[in-house]
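On a predicted model such as this, the values are computed, not experimentally measured, just so you know. Order of the sequence lines fixes the chain letters, A, B, ..., with proteins taken first and strands second; residue numbering starts at 1 for each chain.
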Number of protein chains: 4
Amino acid sequence: MTESKLRELYEQNLRQMDNLTEKQQNILKAALSLFAEQGFDATSSSQIAKRAGVAVGSVYQHFHNKRELLMAVLTPLTKSVFSQAADQFIDKTLDKDYNSLEQFIRALVADRMLFISNNREEFKIMLGQLLSDNQLGPELNHAFNEQPKTTAFPIIDRLKKKKLIIDYPNDVIVQFVFGPLVTFFGKIILAIKPMPIDQEINYAVGLIVNGLTPRSN
Amino acid sequence: MTESKLRELYEQNLRQMDNLTEKQQNILKAALSLFAEQGFDATSSSQIAKRAGVAVGSVYQHFHNKRELLMAVLTPLTKSVFSQAADQFIDKTLDKDYNSLEQFIRALVADRMLFISNNREEFKIMLGQLLSDNQLGPELNHAFNEQPKTTAFPIIDRLKKKKLIIDYPNDVIVQFVFGPLVTFFGKIILAIKPMPIDQEINYAVGLIVNGLTPRSN
Amino acid sequence: MTESKLRELYEQNLRQMDNLTEKQQNILKAALSLFAEQGFDATSSSQIAKRAGVAVGSVYQHFHNKRELLMAVLTPLTKSVFSQAADQFIDKTLDKDYNSLEQFIRALVADRMLFISNNREEFKIMLGQLLSDNQLGPELNHAFNEQPKTTAFPIIDRLKKKKLIIDYPNDVIVQFVFGPLVTFFGKIILAIKPMPIDQEINYAVGLIVNGLTPRSN
Amino acid sequence: MTESKLRELYEQNLRQMDNLTEKQQNILKAALSLFAEQGFDATSSSQIAKRAGVAVGSVYQHFHNKRELLMAVLTPLTKSVFSQAADQFIDKTLDKDYNSLEQFIRALVADRMLFISNNREEFKIMLGQLLSDNQLGPELNHAFNEQPKTTAFPIIDRLKKKKLIIDYPNDVIVQFVFGPLVTFFGKIILAIKPMPIDQEINYAVGLIVNGLTPRSN
DNA sequence: GATGAATGAGATTTCATTCAT
DNA sequence: AATGAATGAAATCTCATTCAT
């Protein structure tokens with residue numbers, strides 16, 4: 001299971017910002033929670049300062065403006081974690097010669113669902129920015145468009161050869177697998193009834209696998 | 001196809017706000033587009049006024065503050081359209097005695113996807129609010145939790161009896177069907193590569209149906 | 001005497017900014033005096049607002065930032081007045097066929113000294129900016145380098161032909177004539193003992209003329 | 001030539017501030033150049049620290065606030081150098097029994113022009129302060145009003161007796177001699193086309209002398 | 001002495017909202 | 001109803017200065 005690794009990676013990323021004082025760390029944490037609660041625009045510098053227990057000026061000591069602070073909050077998610085995790089995923093999970101579709105789907109869904117669950121606050125912030133910021137969208141297109149080509153596509157192709165997966169375009173398949181993940185995220189955002197994550201995974205895997213498995217006739 | 005009805009309903013709702021001058025209508029339209037483009041907080045009254053081609057003061061003539069304007073933008077979507085459309089959906093679409101799973105899924109997916117596509121701007125605004133406003137979430141719980149119980153659940157139950165659908169909990173099934181819809185909406189938000197909506201519908205329907213169809217063995 | 005014209009031109013320029021409310025005019029006046037007294041950087045928006053008798057926000061209603069306000073204060077001096085006055089000067093003063101050197105010098109010195117005297121505040125501000133702003137300098141080079149070529153130089157050439165003026169390079173002569181004017185301005189800046197302006201003019205003209213008159217031997 | 005002496009005096013003055021570390025000297029130099037480039041107000045402590053290659057705190061180790069730093073920059077110019085140089089000037093230059101007007105003027109103009117040229121940065125700063133500080137002006141009045149009375153006036157009187165100089169009031173003559181010097185300084189401020197300083201001196205001397213020489217008739 | 005993170009007062013600027021015309 | 005100048009509260013950000021290390 002790669003999940004523990006993810007947490008580790010995240011923590012590691014935070015520690016990499018090691019030029020940060022304890023107070024600056026507090027500012028980062030305060031900003032993270034406030035951005036998630038109220039959104040970026042609705043959060044004022046003085047609010048952040050108050051929650052972090054520092055003076056307003058201190059917010060601007062290390063992070064030279066609010067946007068930079070936002071980026072500092074999102075970076076561990078987008079940059080490092082995203083790609084590193086993805087790389088890890090290739091190495092440790094996807095790169096095995098999957099014989100069964102289910103093994104593949106289960107690994108992927110579990111990994112990503114835990115990732116979403118563990119980073120829900122950051123994801124909320126990112127989504128919020130995506131809605132207003134017209135710059136972030138294109139940046140993420142890569143992650144969602146290009147990454148699968150080198151990671152998931154080869155595996156899908158292999159499964160296709162073995163007739164273990166339905167013959168739909170690769171991107172359509174990927175998009176379909178993402179469905180339950182995105183819905184899961186949606187539920188988190190809407191604070192909708194929590195279902196034990198194992199159950200959530202099991203149901204999702206069951207339905208996705210069924211959906212992707214070719215009918216014999 | 002219910003889509004045209006939706007538009008009609010929306011327009012009708014706008015016309016119901018009939019105490020509105022033409023200028024006020026322009027203000028509403030300007031606010032709608034700006035909120036969708038930049039988010040609520042990042043949109044200023046004077047921007048709205050400029051795009052509407054009126055004076056700033058006029059923005060406050062009918063809508064007494066910015067928040068009221070936001071509500072006026074969202075109301076036709078949430079209140080009227082949502083419920084009315086839902087009712088319509090029951091009457092016209094779901095309430096038939098579906099014999100085939102595919103008929104049911106296709107009707108539902110097509111309808112909702114067009115609904116999302118036609119109201120993308122409003123949905124973007126609403127999502128934006130959902131992320132910051134901690135009040136809207138619970139309200140929508142009803143729509144997503146309770147409504148299906150009286151609309152989709154009976155149909156699913158009927159399909160289950162005929163062994164035309166997999167024997168998963170009803171809410172899990174509903175959630176699964178929503179997957180591609182939510183993903184579709186996500187793509188709109190991220191402004192990701194447009195695929196002809198018919199194709200999008202066909203692929204989604206194919207996969208969902210396959211996923212929900214019981215295996216013979 | 002062109003002096004009255006200058007004042008007229010200046011006032012006219014101010015009136016051309018006619019989109020200005022009375023309050024905005026007050027802001028302009030307040031800014032002018034405060035910039036002259038304390039310098040641009042040392043003057044705060046709230047100081048301007050207070051002296052103008054308006055709210056802080058009103059300072060930014062018409063002039064969108066402090067620099068724009070500075071420009072609004074300096075523009076009538078640099079742009080319009082400078083060039084217009086210069087044009088007028090050509091037409092009305094320099095363009096006569098001066099036979100005597102003294103006539104020429106007296107006209108020029110009197111005109112410029114009154115110009116300086118009448119616009120001392122604006123000149124102080126401009127000089128202050130010149131010292132810090134690295135953009136204004138080059139702009140003024142034109143005025144000081146190019147303008148004389150089309151205005152004063154032809155007259156000097158004519159005087160040279162008639163042996164009425166010493167045979168020094170034209171720009172050296174112009175620079176020399178400017179000496180007493182610049183000194184006069186320096187005295188105003190330093191708030192040094194005022195001498196009746198007529199006397200100031202007479203002495204300056206006497207010495208300049210003597211300096212420029214060729215010795216017979 | 002007294003110029004070298006001036007530099008020496010200046011350096012000597014700096015050395016007199018001998019409680020200064022090398023770092024503190026760097027701070028002084030950094031402040032000098034930055035104040036000259038951008039003006040006092042527009043220069044921040046951290047900028048000074050950066051250019052001096054020290055920490056912000058070090059700026060305040062010796063100079064207890066920014067104004068004190070400004071004074072430390074200006075003092076060697078105003079206090080020591082100014083008066084000392086003036087004294088030197090009396091001793092070494094003016095106190096000779098000048099027979100020719102030109103000798104006198106040439107000595108004075110050359111000396112002052114080099115002085116200005118060598119201390120242009122300090123002069124820029126001083127002028128900048130003069131424009132905003134309403135206290136420095138009066139202080140300088142002495143230098144410009146009283147000093148000549150004991151230095152230049154006696155020499156002028158002697159020249160008048162010998163009919164070697166025009167019979168204008170002494171202060172008018174002094175002011176006239178200063179004209180080209182002030183203009184020269186103005187050109188430095190405006191960064192206007194540089195002319196070789198020897199030429200600048202020669203032309204100025206020629207014109208001033210001609211201007212001050214009585215006509216035979 | 002030197003450092004630089006922390007401070008908080010204050011500056012600039014924005015903007016929802018009011019109100020006289 | 002419509003206008004847009006005026007308002008002032010609040011937000012972002014800067015910076016001189018302090019102080020613990």
Side-chain angles (χ1 to χ4, degrees), chain A residues 19-24 26-27 41-49 52-69, chain B residues 19-24 27 41-50 52-69, chain C residues 19-24 26-27 41-49 52-69, chain D residues 19-24 27 41-50 52-69:
Chain A
N19 34 351
L20 292 190
T21 328
E22 198 194 349
K23 298 218 173 193
Q24 297 297 335
N26 289 341
I27 288 166
D41 286 306
T43 302
S44 75
S45 318
S46 65
Q47 260 182 314
I48 297 170
V54 301
V56 222
S58 302
V59 175
Y60 292 87
Q61 181 81 10
H62 190 90
F63 310 102
H64 300 75
N65 54 56
K66 241 180 89 185
R67 200 172 173 79
E68 210 166 279
L69 185 52
Chain B
N19 29 356
L20 294 189
T21 334
E22 197 195 322
K23 298 219 172 193
Q24 299 297 337
I27 289 166
D41 287 301
T43 302
S44 73
S45 311
S46 68
Q47 251 183 317
I48 297 169
K50 187 175 287 174
V54 301
V56 223
S58 302
V59 174
Y60 289 84
Q61 195 77 27
H62 190 88
F63 312 101
H64 300 77
N65 55 52
K66 234 180 92 185
R67 199 163 180 83
E68 211 165 276
L69 185 52
Chain C
N19 33 352
L20 293 190
T21 329
E22 197 193 350
K23 298 217 174 194
Q24 296 297 335
N26 289 340
I27 288 167
D41 287 305
T43 302
S44 75
S45 317
S46 65
Q47 260 181 313
I48 297 169
V54 301
V56 223
S58 302
V59 174
Y60 292 85
Q61 181 80 10
H62 191 89
F63 311 102
H64 300 75
N65 53 53
K66 242 180 89 185
R67 201 174 171 77
E68 209 167 278
L69 185 51
Chain D
N19 30 356
L20 293 189
T21 333
E22 197 196 320
K23 298 220 170 191
Q24 299 298 335
I27 289 165
D41 287 302
T43 302
S44 74
S45 309
S46 68
Q47 251 182 318
I48 296 169
K50 187 175 285 172
V54 300
V56 223
S58 302
V59 175
Y60 288 83
Q61 196 77 26
H62 191 88
F63 311 102
H64 301 76
N65 55 52
K66 236 179 89 184
R67 200 166 179 82
E68 211 166 275
L69 186 51

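- Between the CZ atom of A:F63 and the P atom of E:dA6 there is a distance of 11 Å, given to the nearest Å.
- Across all strands shown, F:dA1 forms no Watson-Crick or G-U wobble pair with both key distances under 3.5 Å.
- We find that OH of B:Y60 is positioned 16 Å from P of F:dA2, with the value rounded to whole Å.
- OP1 and OP2 of F:dC15 both lie 4.0 Å or more from every side-chain N or O belonging to D:Q47.
- For D:K66, taking side-chain heavy atoms from C-beta onward, the closest of the listed nucleotides F:dT17, E:dT13, F:dG4 is F:dT17.
- Closest of all the heavy-atom pairs between B:Y60 and B:K66 is CE2-N, 4.3 Å.
- Taking only side-chain nitrogens and oxygens, A:T21 comes nearer than 4.0 Å to OP1 or OP2 of E:dA6.
- For the pair A:H64 (side chain) and A:H62 (backbone), a donor-acceptor distance under 3.5 Å is present.
- Distance C:N65 CG to E:dT13 C1': 9 Å, rounded to the nearest Å.
- Here the closest non-hydrogen pair linking B:A49 and B:V59 is CB-CG2, 3.9 Å.
- Each of A:D41 and B:E22 was matched to the nucleotide of DNA chain F holding its nearest heavy atom; the match closer to the 5' end belongs to B:E22.
- Here F:dT14 presents its C1' atom at 11 Å from CD of A:Q61, a figure rounded to the nearest Å.
- The OG atom of D:S58 sits 12.5 Å away from the CD1 atom of D:I48 when rounded to the nearest 0.5 Å.
- Across all strands shown, D:S58 has heavy atoms under 4.0 Å from base atoms, whether or not it also approaches the sugar-phosphate.
- Ranking E:dG4, E:dA16, F:dT17 by closeness to the D:A55 side chain, first place goes to E:dG4.
- Taking the side chain of B:K23 as heavy atoms from C-beta on, and the options E:dC15, E:dG8, F:dT3, the nearest nucleotide is F:dT3.
- A sub-4.0 Å separation between OP1 or OP2 of E:dT12 and a side-chain N or O of C:S45 is present.
- Between C:G57 and D:G57, the residue anchored closer to the 5' end of DNA chain E is D:G57, taking for each the nucleotide with the nearest heavy atom.
- Whole-Å rounding puts the B:H64 NE2 to F:dA2 C1' distance at 14 Å.
- In this entry F:dT12 has E:dA11 as its Watson-Crick or G-U wobble partner, both defining distances falling under 3.5 Å.
- Atom NE2 of A:H62 is separated from atom P of F:dC13 by 16 Å (rounded to the nearest Å).
- As a whole-Å value, the separation of D:K50 NZ from E:dA2 P is 20 Å.
- Residue contacts shown for C:V54 are limited to sugar-phosphate atoms, with no base heavy atom under 4.0 Å away.
- Within the structure, every side-chain polar atom (N or O) of B:S46 is placed at least 4.0 Å from both OP1 and OP2 of E:dC15.
- E:dT13 atom C1' lies 14 Å from atom CD1 of C:I27, rounded to whole Å.
- Taken to the nearest 0.5 Å, the CD1 atom of B:I27 stands 4.0 Å off from the CD atom of B:Q24.
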